[in-house]
Amino acid sequence: MSLAPIPFNKPYLSGQELAYIQQALRNGKLSGNGWFTQQCQQFLEQRYGIRKALLTTSGTAALEMAALLLDIQPGDEVIVPTFTFTSTANAFVLRGAHIVFADSLPEHPNVDVAQLEPLITSRTRAIVVVHYAGVACDMAAVMALAARHNLFVIEDAAQAIDGYYQQRPLGSIGHLAAFSFHETKNVIAGEGGLLSINDARFQERAEIIWEKGTNRAAYFRGETARYQWVDVGSSYLASELNAAYLWAQLEKLGTIQAQRQRQWEQYYQALAPLAAANFFALPVVPAYALHNWHIFYLLCHTLEERTALIQHLSARNILAVFHYQTLHNSPFYMARHDGRTLPNAGYYADHLVRLPLFFELTFTDQQRVVKAIQEFYASAASNS
Ligand SMILES: *Cc1c(COP(=O)(O)O)cnc(C)c1O
(Lines give C-alpha, C1' and ligand atoms only; values in the text may rest on other atoms or scores of the structure.)
Protein backbone atom coordinates (compact mmCIF):
# COMPACT_ATOMS: atom_id res chain seq x y z
CA MET A 1 0.00 0.00 0.00
CA SER A 2 1.47 3.35 -0.93
CA LEU A 3 0.42 6.46 0.93
CA ALA A 4 -0.85 9.55 -0.86
CA PRO A 5 1.96 11.80 -2.09
CA ILE A 6 2.95 14.74 0.08
CA PRO A 7 4.17 17.38 -2.37
CA PHE A 8 6.83 19.91 -1.43
CA ASN A 9 4.52 22.83 -2.17
CA LYS A 10 0.92 23.44 -3.09
CA PRO A 11 -0.29 26.92 -4.06
CA TYR A 12 -2.54 28.49 -1.42
CA LEU A 13 -6.14 29.34 -2.39
CA SER A 14 -8.16 31.71 -0.23
CA GLY A 15 -11.37 30.92 -2.14
CA GLN A 16 -11.98 34.53 -3.27
CA GLU A 17 -9.58 34.47 -6.22
CA LEU A 18 -12.14 33.71 -8.94
CA ALA A 19 -14.66 36.22 -7.56
CA TYR A 20 -12.04 38.97 -7.64
CA ILE A 21 -10.87 38.00 -11.13
CA GLN A 22 -14.53 38.23 -12.23
CA GLN A 23 -14.71 41.64 -10.58
CA ALA A 24 -11.67 42.72 -12.60
CA LEU A 25 -13.44 41.53 -15.77
CA ARG A 26 -16.54 43.52 -14.82
CA ASN A 27 -14.38 46.57 -14.12
CA GLY A 28 -13.37 46.36 -17.78
CA LYS A 29 -9.72 47.01 -17.03
CA LEU A 30 -7.31 44.12 -17.42
CA SER A 31 -3.95 45.80 -17.94
CA GLY A 32 -1.91 47.11 -15.01
CA ASN A 33 -2.38 49.85 -12.43
CA GLY A 34 -6.15 49.42 -12.01
CA TRP A 35 -8.21 49.13 -8.82
CA PHE A 36 -6.77 45.79 -7.64
CA THR A 37 -3.18 46.88 -8.33
CA GLN A 38 -3.69 50.03 -6.28
CA GLN A 39 -5.45 48.09 -3.53
CA CYS A 40 -2.48 45.69 -3.22
CA GLN A 41 0.09 48.50 -3.35
CA GLN A 42 -1.66 50.62 -0.71
CA PHE A 43 -2.15 47.65 1.58
CA LEU A 44 1.54 46.79 1.47
CA GLU A 45 2.67 50.42 1.79
CA GLN A 46 0.52 50.92 4.88
CA ARG A 47 1.13 47.60 6.55
CA TYR A 48 4.90 47.60 6.05
CA GLY A 49 5.76 51.28 6.03
CA ILE A 50 6.97 51.17 2.42
CA ARG A 51 7.27 54.64 0.89
CA LYS A 52 6.07 53.59 -2.58
CA ALA A 53 5.15 50.10 -3.77
CA LEU A 54 4.88 49.10 -7.44
CA LEU A 55 3.37 45.76 -8.37
CA THR A 56 5.46 43.95 -11.01
CA THR A 57 5.25 40.87 -13.19
CA SER A 58 7.75 39.05 -10.93
CA GLY A 59 10.33 39.44 -8.19
CA THR A 60 12.91 39.17 -10.96
CA ALA A 61 11.33 42.17 -12.73
CA ALA A 62 11.46 44.18 -9.48
CA LEU A 63 15.19 43.41 -9.15
CA GLU A 64 15.76 44.45 -12.78
CA MET A 65 13.96 47.73 -12.08
CA ALA A 66 16.26 48.27 -9.09
CA ALA A 67 19.32 47.82 -11.31
CA LEU A 68 17.92 50.35 -13.83
CA LEU A 69 17.07 52.83 -11.07
CA LEU A 70 20.61 52.68 -9.68
CA ASP A 71 21.89 53.34 -13.20
CA ILE A 72 24.29 50.43 -12.97
CA GLN A 73 26.90 50.74 -15.75
CA PRO A 74 29.29 48.22 -17.30
CA GLY A 75 32.20 47.74 -14.92
CA ASP A 76 30.31 48.73 -11.79
CA GLU A 77 30.61 46.23 -8.98
CA VAL A 78 27.68 44.88 -7.00
CA ILE A 79 28.11 42.70 -3.92
CA VAL A 80 25.66 39.76 -3.91
CA PRO A 81 25.46 36.66 -1.70
CA THR A 82 26.41 33.48 -3.55
CA PHE A 83 23.73 31.39 -1.81
CA THR A 84 20.69 32.77 -3.64
CA PHE A 85 18.50 32.50 -6.72
CA THR A 86 20.01 33.55 -10.05
CA SER A 87 17.81 36.66 -10.40
CA THR A 88 19.49 38.35 -7.41
CA ALA A 89 22.70 38.60 -9.44
CA ASN A 90 21.37 38.37 -13.00
CA ALA A 91 19.38 41.62 -12.72
CA PHE A 92 22.67 43.51 -12.29
CA VAL A 93 24.60 41.41 -14.82
CA LEU A 94 22.03 42.52 -17.44
CA ARG A 95 23.30 46.09 -16.88
CA GLY A 96 26.93 45.01 -17.27
CA ALA A 97 27.83 44.85 -13.59
CA HIS A 98 30.59 42.67 -12.24
CA ILE A 99 29.27 40.59 -9.35
CA VAL A 100 31.45 40.22 -6.27
CA PHE A 101 30.03 37.23 -4.43
CA ALA A 102 29.82 37.08 -0.65
CA ASP A 103 29.77 34.11 1.72
CA SER A 104 27.06 33.03 4.17
CA LEU A 105 27.30 33.14 7.94
CA PRO A 106 28.57 29.93 9.53
CA GLU A 107 25.28 29.47 11.45
CA HIS A 108 22.83 30.72 8.81
CA PRO A 109 22.51 30.81 5.00
CA ASN A 110 22.21 34.64 5.13
CA VAL A 111 25.17 36.77 4.12
CA ASP A 112 27.99 37.30 6.64
CA VAL A 113 27.97 41.10 6.90
CA ALA A 114 31.25 41.14 8.84
CA GLN A 115 33.00 39.77 5.72
CA LEU A 116 31.68 42.44 3.32
CA GLU A 117 33.93 45.45 3.94
CA PRO A 118 37.07 43.98 2.31
CA LEU A 119 35.01 43.34 -0.85
CA ILE A 120 34.29 47.05 -1.35
CA THR A 121 36.36 48.88 -4.00
CA SER A 122 36.13 52.29 -5.67
CA ARG A 123 33.85 50.68 -8.28
CA THR A 124 31.35 49.19 -5.83
CA ARG A 125 27.88 50.70 -6.23
CA ALA A 126 25.53 48.53 -4.23
CA ILE A 127 25.09 45.68 -1.78
CA VAL A 128 22.24 43.22 -2.32
CA VAL A 129 21.11 41.20 0.68
CA VAL A 130 18.76 38.19 0.62
CA HIS A 131 16.58 37.39 3.62
CA TYR A 132 16.77 33.63 3.17
CA ALA A 133 13.68 31.73 4.34
CA GLY A 134 12.21 35.08 5.40
CA VAL A 135 14.86 35.47 8.13
CA ALA A 136 16.30 38.97 8.34
CA CYS A 137 19.92 39.75 7.55
CA ASP A 138 21.71 41.98 10.07
CA MET A 139 20.29 45.15 8.54
CA ALA A 140 21.73 47.64 11.05
CA ALA A 141 25.22 46.42 10.17
CA VAL A 142 24.47 46.43 6.41
CA MET A 143 22.99 49.94 6.41
CA ALA A 144 25.88 51.33 8.51
CA LEU A 145 28.46 49.76 6.19
CA ALA A 146 26.68 51.11 3.11
CA ALA A 147 26.42 54.61 4.62
CA ARG A 148 30.17 54.62 5.41
CA HIS A 149 31.01 53.79 1.79
CA ASN A 150 28.19 55.68 0.09
CA LEU A 151 26.60 52.55 -1.37
CA PHE A 152 23.01 51.60 -2.08
CA VAL A 153 21.34 48.64 -0.38
CA ILE A 154 18.80 46.48 -2.17
CA GLU A 155 16.88 43.93 -0.15
CA ASP A 156 15.97 40.80 -2.07
CA ALA A 157 12.91 40.22 0.10
CA ALA A 158 11.44 37.75 -2.41
CA GLN A 159 10.85 35.22 0.39
CA ALA A 160 10.46 37.71 3.19
CA ILE A 161 6.95 39.18 3.21
CA ASP A 162 5.84 39.72 6.83
CA GLY A 163 9.33 39.09 8.20
CA TYR A 164 10.95 41.65 10.52
CA TYR A 165 14.36 42.93 11.51
CA GLN A 166 13.89 43.97 15.12
CA GLN A 167 10.63 45.93 14.81
CA ARG A 168 11.12 46.88 11.15
CA PRO A 169 9.34 45.09 8.30
CA LEU A 170 11.67 43.53 5.75
CA GLY A 171 11.49 45.33 2.43
CA SER A 172 11.16 48.73 4.13
CA ILE A 173 14.81 49.15 5.18
CA GLY A 174 17.03 49.16 2.07
CA HIS A 175 16.91 52.01 -0.46
CA LEU A 176 15.00 49.56 -2.67
CA ALA A 177 13.54 46.10 -2.12
CA ALA A 178 11.98 43.32 -4.19
CA PHE A 179 9.22 40.94 -3.11
CA SER A 180 8.00 37.90 -5.04
CA PHE A 181 4.49 36.47 -5.34
CA HIS A 182 5.60 33.39 -7.28
CA GLU A 183 3.45 30.37 -6.45
CA THR A 184 6.12 28.94 -4.15
CA LYS A 185 6.09 31.95 -1.79
CA ASN A 186 3.84 32.55 1.26
CA VAL A 187 1.48 34.89 -0.65
CA ILE A 188 1.06 34.38 -4.37
CA ALA A 189 -0.22 35.77 -7.66
CA GLY A 190 0.85 32.90 -9.91
CA GLU A 191 3.75 35.02 -11.09
CA GLY A 192 4.16 38.46 -9.57
CA GLY A 193 6.36 40.75 -7.55
CA LEU A 194 6.71 44.16 -6.00
CA LEU A 195 9.34 46.86 -6.03
CA SER A 196 9.43 48.85 -2.82
CA ILE A 197 10.97 52.29 -3.02
CA ASN A 198 12.08 53.59 0.36
CA ASP A 199 14.34 56.40 -0.88
CA ALA A 200 12.36 59.38 -2.22
CA ARG A 201 15.04 60.08 -4.84
CA PHE A 202 13.91 57.02 -6.81
CA GLN A 203 10.16 57.48 -6.61
CA GLU A 204 9.39 59.47 -9.75
CA ARG A 205 11.77 57.58 -12.01
CA ALA A 206 10.60 54.19 -10.71
CA GLU A 207 7.11 54.85 -12.02
CA ILE A 208 8.51 55.82 -15.43
CA ILE A 209 10.69 52.71 -15.71
CA TRP A 210 7.66 50.66 -14.62
CA GLU A 211 5.56 52.21 -17.45
CA LYS A 212 7.92 51.42 -20.38
CA GLY A 213 9.86 54.66 -20.05
CA THR A 214 6.80 56.91 -20.25
CA ASN A 215 5.22 59.40 -17.87
CA ARG A 216 1.86 57.64 -18.26
CA ALA A 217 1.16 57.29 -14.53
CA ALA A 218 1.76 61.00 -13.92
CA TYR A 219 -0.34 61.87 -17.00
CA PHE A 220 -3.32 59.89 -15.72
CA ARG A 221 -3.04 61.70 -12.39
CA GLY A 222 -3.29 64.95 -14.37
CA GLU A 223 0.23 66.03 -13.41
CA THR A 224 1.48 66.46 -16.97
CA ALA A 225 -0.15 67.68 -20.18
CA ARG A 226 1.31 64.99 -22.42
CA TYR A 227 2.08 61.32 -22.15
CA GLN A 228 5.42 60.63 -23.81
CA TRP A 229 8.69 58.75 -23.82
CA VAL A 230 10.88 60.34 -21.15
CA ASP A 231 13.41 57.69 -20.06
CA VAL A 232 14.34 54.01 -20.44
CA GLY A 233 11.97 51.43 -19.05
CA SER A 234 10.22 48.20 -19.82
CA SER A 235 6.92 46.39 -19.33
CA TYR A 236 7.07 45.73 -15.62
CA LEU A 237 3.42 46.20 -14.55
CA ALA A 238 1.47 43.16 -13.41
CA SER A 239 -1.91 42.70 -15.06
CA GLU A 240 -5.10 43.38 -13.08
CA LEU A 241 -5.91 39.64 -13.29
CA ASN A 242 -2.81 38.84 -11.25
CA ALA A 243 -3.47 41.75 -8.91
CA ALA A 244 -7.04 40.48 -8.33
CA TYR A 245 -5.67 37.04 -7.46
CA LEU A 246 -3.08 38.62 -5.16
CA TRP A 247 -5.68 40.75 -3.39
CA ALA A 248 -7.63 37.60 -2.46
CA GLN A 249 -4.44 36.35 -0.80
CA LEU A 250 -3.39 39.57 0.92
CA GLU A 251 -6.80 39.71 2.60
CA LYS A 252 -5.91 36.38 4.23
CA LEU A 253 -2.33 37.27 5.14
CA GLY A 254 -2.94 36.84 8.88
CA THR A 255 -4.53 33.40 8.38
CA ILE A 256 -1.73 32.25 6.08
CA GLN A 257 0.97 33.36 8.47
CA ALA A 258 -0.69 31.87 11.57
CA GLN A 259 -0.97 28.52 9.80
CA ARG A 260 2.65 28.53 8.62
CA GLN A 261 3.84 29.43 12.12
CA ARG A 262 1.89 26.50 13.59
CA GLN A 263 3.29 24.11 10.98
CA TRP A 264 6.87 25.39 11.30
CA GLU A 265 6.81 25.07 15.07
CA GLN A 266 5.26 21.61 14.85
CA TYR A 267 8.20 20.39 12.74
CA TYR A 268 10.68 22.12 15.02
CA GLN A 269 9.31 20.55 18.22
CA ALA A 270 8.86 17.09 16.72
CA LEU A 271 12.41 17.05 15.32
CA ALA A 272 14.15 18.69 18.28
CA PRO A 273 14.98 15.37 20.05
CA LEU A 274 16.81 14.03 16.95
CA ALA A 275 18.65 17.32 16.57
CA ALA A 276 19.60 17.20 20.28
CA ALA A 277 21.03 13.72 19.61
CA ASN A 278 23.11 15.36 16.85
CA PHE A 279 21.61 13.48 13.90
CA PHE A 280 21.17 16.81 12.05
CA ALA A 281 20.82 20.51 12.84
CA LEU A 282 17.67 22.62 12.88
CA PRO A 283 17.34 26.20 11.58
CA VAL A 284 18.74 28.98 13.75
CA VAL A 285 16.89 32.30 13.82
CA PRO A 286 18.99 35.24 15.09
CA ALA A 287 17.54 37.25 18.00
CA TYR A 288 17.13 40.33 15.76
CA ALA A 289 14.87 38.45 13.33
CA LEU A 290 11.17 37.68 13.51
CA HIS A 291 10.89 35.33 10.57
CA ASN A 292 7.87 34.51 8.38
CA TRP A 293 7.98 30.69 8.43
CA HIS A 294 8.68 30.56 4.71
CA ILE A 295 10.97 27.49 4.69
CA PHE A 296 11.58 24.66 7.14
CA TYR A 297 14.95 23.00 6.61
CA LEU A 298 17.29 20.48 8.18
CA LEU A 299 21.07 20.47 7.88
CA CYS A 300 22.50 17.00 7.28
CA HIS A 301 26.07 16.04 8.24
CA THR A 302 27.13 15.19 4.68
CA LEU A 303 25.97 15.49 1.09
CA GLU A 304 25.69 11.66 0.87
CA GLU A 305 23.47 11.60 3.92
CA ARG A 306 21.27 14.32 2.45
CA THR A 307 20.92 12.45 -0.83
CA ALA A 308 20.00 9.26 1.05
CA LEU A 309 17.46 11.10 3.23
CA ILE A 310 15.79 12.68 0.18
CA GLN A 311 15.62 9.21 -1.43
CA HIS A 312 14.25 7.65 1.76
CA LEU A 313 11.47 10.27 1.89
CA SER A 314 10.79 9.96 -1.83
CA ALA A 315 10.32 6.19 -1.47
CA ARG A 316 7.61 7.05 1.07
CA ASN A 317 5.96 9.47 -1.35
CA ILE A 318 7.25 12.59 0.45
CA LEU A 319 8.93 15.26 -1.62
CA ALA A 320 11.79 17.01 0.20
CA VAL A 321 14.23 19.14 -1.80
CA PHE A 322 17.64 20.75 -1.50
CA HIS A 323 18.08 24.40 -2.45
CA TYR A 324 20.54 26.76 -4.11
CA GLN A 325 23.80 25.71 -5.68
CA THR A 326 26.23 28.58 -5.14
CA LEU A 327 26.32 31.15 -7.95
CA HIS A 328 30.07 31.94 -7.84
CA ASN A 329 30.86 28.50 -9.25
CA SER A 330 27.84 28.21 -11.53
CA PRO A 331 28.49 27.34 -15.20
CA PHE A 332 27.65 30.95 -16.13
CA TYR A 333 29.71 32.82 -13.56
CA MET A 334 32.60 30.52 -12.64
CA ALA A 335 35.07 32.01 -15.15
CA ARG A 336 34.15 35.57 -14.06
CA HIS A 337 34.55 34.88 -10.33
CA ASP A 338 37.77 35.98 -8.62
CA GLY A 339 38.56 32.54 -7.23
CA ARG A 340 37.72 33.08 -3.54
CA THR A 341 36.24 29.97 -1.96
CA LEU A 342 33.01 30.68 -0.10
CA PRO A 343 32.85 27.68 2.21
CA ASN A 344 29.85 28.54 4.39
CA ALA A 345 27.60 28.97 1.37
CA GLY A 346 29.01 25.71 -0.03
CA TYR A 347 27.98 24.03 3.22
CA TYR A 348 24.35 25.12 2.77
CA ALA A 349 24.38 24.11 -0.90
CA ASP A 350 25.40 20.56 0.08
CA HIS A 351 23.74 20.00 3.45
CA LEU A 352 20.39 21.81 3.50
CA VAL A 353 17.13 19.97 2.79
CA ARG A 354 13.69 21.60 2.81
CA LEU A 355 10.63 19.74 4.10
CA PRO A 356 7.11 20.11 2.65
CA LEU A 357 5.49 23.30 3.98
CA PHE A 358 2.27 24.72 2.55
CA PHE A 359 -1.09 25.90 3.88
CA GLU A 360 -3.00 22.64 3.31
CA LEU A 361 -0.33 20.41 4.85
CA THR A 362 -2.13 18.63 7.71
CA PHE A 363 -0.92 17.66 11.17
CA THR A 364 -1.14 14.01 10.05
CA ASP A 365 0.99 14.74 6.96
CA GLN A 366 3.58 16.36 9.18
CA GLN A 367 3.58 13.36 11.52
CA ARG A 368 4.20 11.13 8.51
CA VAL A 369 7.17 13.29 7.43
CA VAL A 370 8.62 13.30 10.95
CA LYS A 371 8.16 9.53 11.33
CA ALA A 372 9.93 8.89 8.01
CA ILE A 373 12.87 11.05 9.17
CA GLN A 374 12.98 9.21 12.51
CA GLU A 375 13.06 5.86 10.67
CA PHE A 376 15.89 7.04 8.45
CA TYR A 377 18.08 8.05 11.38
CA ALA A 378 17.14 4.98 13.45
CA SER A 379 18.47 2.75 10.65
CA ALA A 380 21.51 5.02 10.18
CA ALA A 381 22.26 4.71 13.91
CA SER A 382 21.91 0.90 13.92
CA ASN A 383 24.20 0.63 10.85
CA SER A 384 27.04 2.58 12.43
C1 LIG B 1 11.67 33.61 -5.71
C2 LIG B 1 12.92 34.39 -5.62
C3 LIG B 1 13.29 35.32 -6.61
C4 LIG B 1 12.55 35.47 -7.90
O5 LIG B 1 11.23 35.83 -7.78
P6 LIG B 1 10.27 35.59 -9.07
O7 LIG B 1 8.99 36.23 -8.65
O8 LIG B 1 10.16 34.10 -9.23
O9 LIG B 1 10.89 36.25 -10.23
C10 LIG B 1 14.42 36.09 -6.40
N11 LIG B 1 15.17 35.96 -5.31
C12 LIG B 1 14.88 35.05 -4.35
C13 LIG B 1 15.74 34.97 -3.13
C14 LIG B 1 13.75 34.24 -4.48
O15 LIG B 1 13.47 33.34 -3.53
Side-chain angles (χ1 to χ4, degrees), residues 8-9 11-12 32 40 44 53-68 78-94 99 101-102 104-105 108-111 126-137 139 142 153-163 170-171 173-174 176-196 210 234-239 242-243 245-246 249-250 260 283 289 291-297 321-328 330 332-333 345 348-349 352 354 357-358:
F8 171 67
N9 179 56
Y12 169 69
C40 293
L44 293 165
L54 295 174
L55 202 60
T56 58
T57 48
S58 64
T60 301
L63 289 163
E64 290 175 14
M65 284 184 70
L68 280 167
V78 178
I79 297 172
V80 176
T82 187
F83 190 76
T84 184
F85 189 61
T86 53
S87 300
T88 318
N90 188 69
F92 299 90
V93 170
L94 282 174
I99 306 298
F101 282 108
S104 298
L105 288 160
H108 195 275
N110 278 346
V111 72
I127 300 171
V128 188
V129 295
V130 177
H131 306 299
Y132 182 76
V135 177
C137 294
M139 290 310 290
V142 173
V153 174
I154 297 106
E155 296 177 76
D156 180 340
Q159 304 175 8
I161 191 167
D162 213 42
L170 300 182
I173 305 168
L176 298 165
F179 289 96
S180 169
F181 304 116
H182 184 267
E183 76 165 28
T184 50
K185 309 302 202 252
N186 289 21
V187 175
I188 65 177
E191 298 272 2
L194 187 97
L195 178 70
S196 78
W210 190 53
S234 192
S235 182
Y236 290 123
L237 283 82
S239 107
N242 291 74
Y245 190 105
L246 180 62
Q249 302 252 322
L250 289 174
R260 294 188 82 99
H291 70 124
N292 70 349
W293 313 286
H294 176 58
I295 292 174
F296 190 92
Y297 63 81
V321 291
F322 56 86
H323 211 177
Y324 303 125
Q325 300 305 293
T326 50
L327 296 181
H328 70 284
S330 62
F332 177 67
Y333 219 82
Y348 292 103
L352 185 149
R354 295 175 291 161
L357 182 62
F358 52 90

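In what follows, every heavy atom counts, from backbone to side chain, and hydrogens, waters and symmetry copies are set aside. Whatever order the structure lists ligands and atoms in, that order sets their numbers, starting from 1.
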Go through the structure and list residues passing side-chain contact (heavy atoms from CB on, under 4.5 Å) with V187, not counting sequence neighbours.
-> I161, F181, L246, Q249, L250, L253, I256
Is any side-chain heavy atom of L327 less than 4.5 Å from a side-chain heavy atom of T84?
-> yes
Is any side-chain heavy atom of Y236 closer than 4.5 Å to a side-chain heavy atom of E64?
-> yes
Set of residues that line ligand 1, where lining means a heavy atom lies under 4.0 Å from it | S58, G59, T60, T84, F85, T88, V130, D156, A158, Q159, S180, H182, K185, G192, Y324
Is the closest side-chain heavy-atom distance between F85 and Y324 below 4.5 Å?
-> yes
How long is the span from the CG atom in N9 to the CD1 atom in I188, to the nearest 0.5 Å?
-> 7.5 Å
Under 3.5 Å, is there a donor-acceptor pair between the Y132 and H323 side chains?
-> yes
